[in-house]
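Working notes, structure below.
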Amino acid sequence: MARPTFQTLPGTRDLLPPDTDRFRALVGVFADEAARSGFSQIVPPIFEEIGVFTRLGEATDVVTKELYAFEDMGGRKQALRPEFTASVCRAFVQHRPLLPWKSWYAGPAFRQERPQKGRYRQFEQVGAEAIGSHDPDLDTELIVLAARFYQRLGLKDITLVLNTLGDKADRPAFLEALRDYFGQNLDALSQKSRETLSLNPLRVLDSKRPDDQPLIESAPRITDYLSSGAGLAFERVQAGLEALGVAYELNPRLVRGLDYYTRTTFEFLSSSLDAAQNAVGGGGRYDGLVADMGGPDEPGVGFALGVDRTVLACDSEGVFAAPDTRTQIFVVSTTGGLEGLKIAEELRSAGLRVDRAVDHRSMKAQMKAANRSRASLAVIVGPDEVAAGTASLRPLDDRPQFVVERTELVSRVKEFFPS
RNA sequence: GUGGUCGUAGCUCAGUUGGUUAGAGCAUCAGGUUGUGAUCCUGAGGGUCGGGGGUUCGAAUCCCCUCGAUCACCCCA
């Protein structure tokens, strides 16, 4: 096909109906679940001072090579948000709300990477964050909130994977152990992983390269390096999930890509997704991040779910269809006057979904448009109806057409749509 | 950033070993008597075959470059 002059940039796309209805409904479900769990919505700006995001970690790809950074006219360095957590922490520090601060959000985030299935440069997330409490039961609540959301969409093939990364203080010894271990087996490690090792040894555990698997399998485990506090918290989260009947898998190699995570980390994987990008959501605790933003040393825990991937998962499981926003009534008018327009607005005022033929085309053309709109009723006004003070109602199925008084039009049409 | 695959009408695709005005289905529009859709019939519009260059008497078909899409690596939602 000959390409148009302009088209969407790589990794971006137009969301068109009926997907738009579906996205909106999905966010609606999440908003409802979040509110049930005591979270209120926050809408941070889409771009921030670049420092807000670079605080996420010097070793994270999200910051070092995927950030959409730019300067404003005054030379101020800023960037499109690659995720929400940083913005939420910044907002917390800026406004100092009461603790715990529980907020949810929905909106686009931006990462400049090569697009592929389930991975876009502009992608949609919903998520929730709670700042100001160490309570591991809060971790559990967050996880269950996400799980309930998936459940309400109708998704079944979702696996919850759980791990802990320990406290900041536990980290150095563990990292050292990893460096030693992998360092001694350097020749058994893939080239890529060797590079990763020098940057962030944790991330080597996350390698998907088959060659690395045997080595990773017997690598040191964080659980052996946990402080008692972190260990107890991890047990408490597991106990909570068990008490609530939420299934999970432990995976000591789950490290997640952002450097700020501490203690609990989790990921939701869709097994029905035939794409490499099968993580539909993830999150964890970030106990030092608020302080890094220049705020008080308040802990935080939260998650983000990828809306685009979740929708893909819904597709492959055949669940969560778009809600019906179809036109109910289609107004056909051949008078050339304003009667059709008036009727359409009257019916709209009465709360019905009404569309109308434009451009004064032939009745046949208007009826075709009516049929295409998938409305179930056509209201027809021509010269005869106007003269007689009536309107013709034509059901767009097999039922017979009938005539109603113009003055009773709205009530007669409403009768046609019970409920 | 690296690699694989792909790029013909709005959509899904044909297009034989390079050979005359590039096709189909769906969709769109208009007709099939005077005001009636979804079915059926007839017809019409719509493509410089992603773009540029080259080989050739001749290229949608072969070669090179480029752009784009897609999938994967990496990484993550």
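Naming: A, B, ... by sequence-line order, numbering from 1 per chain.
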Practice problem: Would you indicate what A/G127 reaches in the nucleic acid, counting non-hydrogen atoms under 4.0 angstrom: base, sugar-phosphate, or nothing? | Solution: nothing
Quiz item: Can you say whether the rings of A/W104 and A/F30 are parallel (under 30°), tilted (30 to 60°) or perpendicular (over 60°)?
Solution: perpendicular
Quiz item: When all nucleic acid strands are considered with a 4.0 Å heavy-atom cut-off, which category describes A/P10: base, sugar-phosphate, or nothing?
Solution: sugar-phosphate
Exercise. Measure from CG on A/L205 to P on B/C76 and round the result to the nearest Å.
Key: 12 Å
Practice problem: Report the nucleotide, chosen from B/C71, B/A69, B/A38, that has the shortest atom-to-atom distance to any side-chain atom of A/Q7. | Solution: B/A69
Self-check item: Charged N-O contact under 4.0 Å between A/E405 and A/R412
Solution: no
Exercise. Report yes if a donor N or O on one partner sits less than 3.5 Å from an acceptor N or O on the other, where the partners are the side chain of A/R372 and the base of B/G37; otherwise report no.
Key: no
Quiz prompt | Donor-acceptor pair between A/E48 and A/S87 side chains, under 3.5 angstrom | solution = yes
Quiz item: Roughly how many Å is it from CZ in A/R111 to P in B/C75, rounded to a whole number?
Solution: 13 Å
Quiz item: For residues A/E141 and A/S37, is any side-chain donor paired with an opposing acceptor at under 3.5 Å?
Solution: no
Quiz prompt | Sugar-phosphate, base or nothing in reach of A/E83, heavy atoms under 4.0 Å | solution = nothing
Practice problem: For A/F266 and B/A77, give me the distance from atom CZ to atom P, rounded to whole Å. | Solution: 11 Å
Quiz prompt | Among B/A72, B/C76, B/U36, the nucleotide that comes nearest once only the side chain of A/R203 is considered | solution = B/C76
Self-check item: From B/G68, B/A77, B/U36, nucleotide with atom closest to A/K364 side chain
Solution: B/U36
Quiz prompt | Nucleotide opposite B/U56 in a Watson-Crick or G-U pair, distances under 3.5 Å | solution = none
Quiz item: Is there a donor and acceptor pair, one atom on the side chain of A/R119 and one on the base of B/C74, closer than 3.5 Å?
Solution: yes
Quiz prompt | Under 3.5 Å side-chain donor-acceptor pair for A/D157 and A/S270 | solution = no
Exercise. For A/F6 and B/G68, give me the distance from atom CZ to atom P, rounded to whole Å.
Key: 14 Å
Self-check item: Distance, P atom - from B/G15 to B/G50, rounded to whole angstrom
Solution: 15 Å
Quiz item: Taking for each residue the nucleotide of RNA chain B with the nearest heavy atom, is it A/E124 or A/P395 whose nucleotide lies nearer the 5' end?
Solution: A/P395
Quiz item: Roughly, in whole Å, what's the span from CE in A/M363 to C1' in B/G35?
Solution: 4 Å
Quiz item: OP1 or OP2 of B/G35 less than 4.0 angstrom from a side-chain nitrogen or oxygen of A/R394, does that happen here?
Solution: no
Exercise. Select from A/A279 and A/L9 the residue whose nearest nucleotide in RNA chain B is closer to the 5' end of that strand.
Key: A/L9
Quiz item: Which of the following nucleotides, B/A77, B/G35, B/C74, is nearest to the side chain of A/Q277?
Solution: B/C74
Practice problem: Using the C1' atom as the reference point in each nucleotide, state the distance between B/U28 and B/U33 in Å, no decimals. | Solution: 25 Å
Quiz prompt | A/R152 atom CZ, over 12 foreign heavy atoms within 6.0 Å | solution = yes
Quiz prompt | C1' gap between B/G7 and B/G43, integer Å | solution = 32 Å
Practice problem: Pick the P atom in B/G68 and in B/C74, then give their distance to the nearest Å. | Solution: 24 Å
Quiz item: Could you give the CD-to-C1' distance, from A/Q112 to B/C76, as a whole number of Å?
Solution: 15 Å
Quiz item: When only distance counts, do a donor and an acceptor, one from the side chain of A/R114 and one from the base of B/C71, lie under 3.5 Å apart?
Solution: no
Quiz item: Counting side-chain heavy atoms from C-beta on, which of B/C74, B/G37, B/U36 comes nearest to A/K368?
Solution: B/G37
Self-check item: Nearest-angstrom distance, P atom, B/G25 to B/G37
Solution: 23 Å
Exercise. Assign A/N278 to base, sugar-phosphate, or nothing according to its heavy-atom contacts below 4.0 angstrom with the strands shown.
Key: nothing
Exercise. Determine the interatomic distance between P on B/A69 and the same-named atom on B/C11; round to the nearest Å.
Key: 15 Å
Self-check item: Separation of atom CD in A/Q125 from atom C1' in B/C76, rounded to whole Å
Solution: 10 Å
Quiz prompt | Between A/Y105 and A/E129: side-chain donor-acceptor atoms closer than 3.5 Å | solution = yes
Quiz item: A/R256 has an atom CZ; how far is it from atom C1' of B/C76, in whole Å?
Solution: 8 Å
Quiz prompt | Sugar-phosphate, base or nothing in reach of A/F330, heavy atoms under 4.0 Å | solution = nothing
Quiz item: Per the atom types in the model, does the base of B/A77 pair as donor or acceptor with the side chain of A/E113 at under 3.5 Å?
Solution: yes
Quiz prompt | Base B/G35 paired with A/E385 side chain (donor-acceptor, <3.5 Å) | solution = yes
Quiz item: Would you say the base of B/U70 and the side-chain of A/Q116 have a donor-acceptor pair closer than 3.5 Å?
Solution: no
Self-check item: Identity of whatever pairs with B/A72 - Watson-Crick or G-U, under 3.5 angstrom
Solution: B/U2
Practice problem: Mind checking A/A275 for me? I need base, sugar-phosphate or nothing, with any heavy atom below 4.0 Å counting as a touch. | Solution: sugar-phosphate
Quiz prompt | P gap between B/G45 and B/A22, integer Å | solution = 14 Å
Quiz item: Nearest of B/A77, B/A69, B/G35 to any side-chain atom of A/D384?
Solution: B/G35
Quiz prompt | Donor on one side chain, acceptor on other, A/S392 and A/E385, under 3.5 Å | solution = yes
Quiz item: Cut-off 3.5 Å, side chains only: do A/D139 and A/T264 have a donor facing an acceptor?
Solution: yes
Exercise. Tell me what A/R361 touches on the nucleic acid: a base, only sugar-phosphate, or nothing, going by heavy atoms under 4.0 Å.
Key: sugar-phosphate
Exercise. Name the pairing partner of B/C26, where a pair is Watson-Crick or G-U wobble with both distances under 3.5 Å, or state none.
Key: B/G10
Quiz item: For atom P, what is the distance between B/U12 and B/C71, given to the nearest Å?
Solution: 15 Å
